[in-house]
Amino acid sequence: MFGECHAHIIMDGVNYRRAVDMHKNGPDDQIIKAHLKAYQDKGITFVRDGGDALGVSLRAKEIAPEYGIDYRTPVFAIHKEGHYGSIVGKSFATMREFHDRVLEAKKAGADFIKIMTTGIMDFNAHGAVTGTPLDAAEVKEMVHIAHEEGMNVMSHTNGDYGVQAAVEAGVDSLEHGNYMNEDSLAMLAQSHMVWVPTLVTVRNLMGDGRYEDEVLWPIIESAKENVRKAFQLGIKVAPGSDAGAYRVLHGQGIQDEMDSFVEFLEEEKRDDVYRWLADGEAEIKKKFMRL
Ligand SMILES: [Zn+2]
């Protein structure tokens, strides 16, 4: 079975607000254990968390060995004040504060650093990303600081400007990566980084009613096209579902993600698709442990 390379144990795939509230007086072990059990039941032995602001993923890392799970976490994600990311972490305003956040995460027991360099897909405007991406020079400095502290970097990034800035900065994994053009894909292919497209965060919304299916469909089609190009170009890609996000359940999410890859690459042999993803996952496991 494949590992889950992008999860948020703090969330439950159903109701974000309610899920987070359950941990407001400290991580709730019963809930964490229920989520870990969902992974164990599916035979999943590796989970990489994307962070949260309440120490829930850190607690999960402590408990995970009881469930035979190798759990990696950045503790919290780091975002710039006024930009996207407060739902999964803590903010910084200056580079000095960023550095302090890196040290804080490291001291708390982080395996790596998670940064947020752009917003998310704008469901009201196809092809657009919410907010303003962080400046390329700033991202470069952030990644440099993290690397100097001996920590690899998981980067939440969408859109061409953000992706190209992240690749140039040398991040170690690129999360989501919606809306990439040929240039961005070519840069990814030349780099050492692993792309974790989290396909089911959009795919699992089909038929749900939160967004119109005709809004979702073009996003899914563009993801499909890019996954196919990534396969052809030999870009390193790993399976991660963003489990915990709306309609993406712990344990089941990664199965849904794998099914998406197989469907998107329908004319390839399933074994070849699996081998490609297994290579990407191996790369994630190797990089996202404490150096
Ligand atoms: Zn995430």
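Keep in mind that the numbers below use all heavy atoms, side chains included, and drop hydrogens, waters and symmetry copies. Bear in mind the structure is a predicted one, so any value in this text is a computation, not a measurement. Numbering of residues begins at 1 and proceeds along the displayed sequence. Order of listing sets the numbers, starting from 1, for every ligand and every atom in it.
- For the Zn ion (ligand 1), the nearby protein N/O/S atoms, meaning those under 2.8 Å, are His6 NE2, His8 NE2, Asp242 OD1.
- Within the model, atoms OG1 of Thr45 and CD of Gln40 stand 10.5 Å from one another, a figure rounded to the nearest 0.5 Å.
- A donor-acceptor distance shorter than 3.5 angstrom exists from the side chain of Arg48 to the backbone of Cys5, with no hydrogens or angles considered.
- At a threshold of 4.5 Å between side-chain heavy atoms, the hydrophobic network of Ile, Leu, Val, Met, Phe, Trp and Tyr places Tyr274 and Leu199 in one connected group.
- One finds a salt bridge joining Asp111 and Lys61 here, because a Lys/Arg side-chain nitrogen approaches an Asp/Glu carboxylate oxygen to under 4.0 Å.
- With a 6.0 Å radius and a threshold of 12 heavy atoms from other residues, nucleotides or ligands, Lys37 has its NZ atom at or below the threshold.
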For this session: Run the numbers on Glu225 and Lys229 for salt bridge (charged side-chain N to carboxylate O under 4.0 Å, His left out), then give the verdict.
Result: CA-CA 6 Å; Glu225 211 182 297; Lys229 286 179 188 160; 3.2 Å; yes

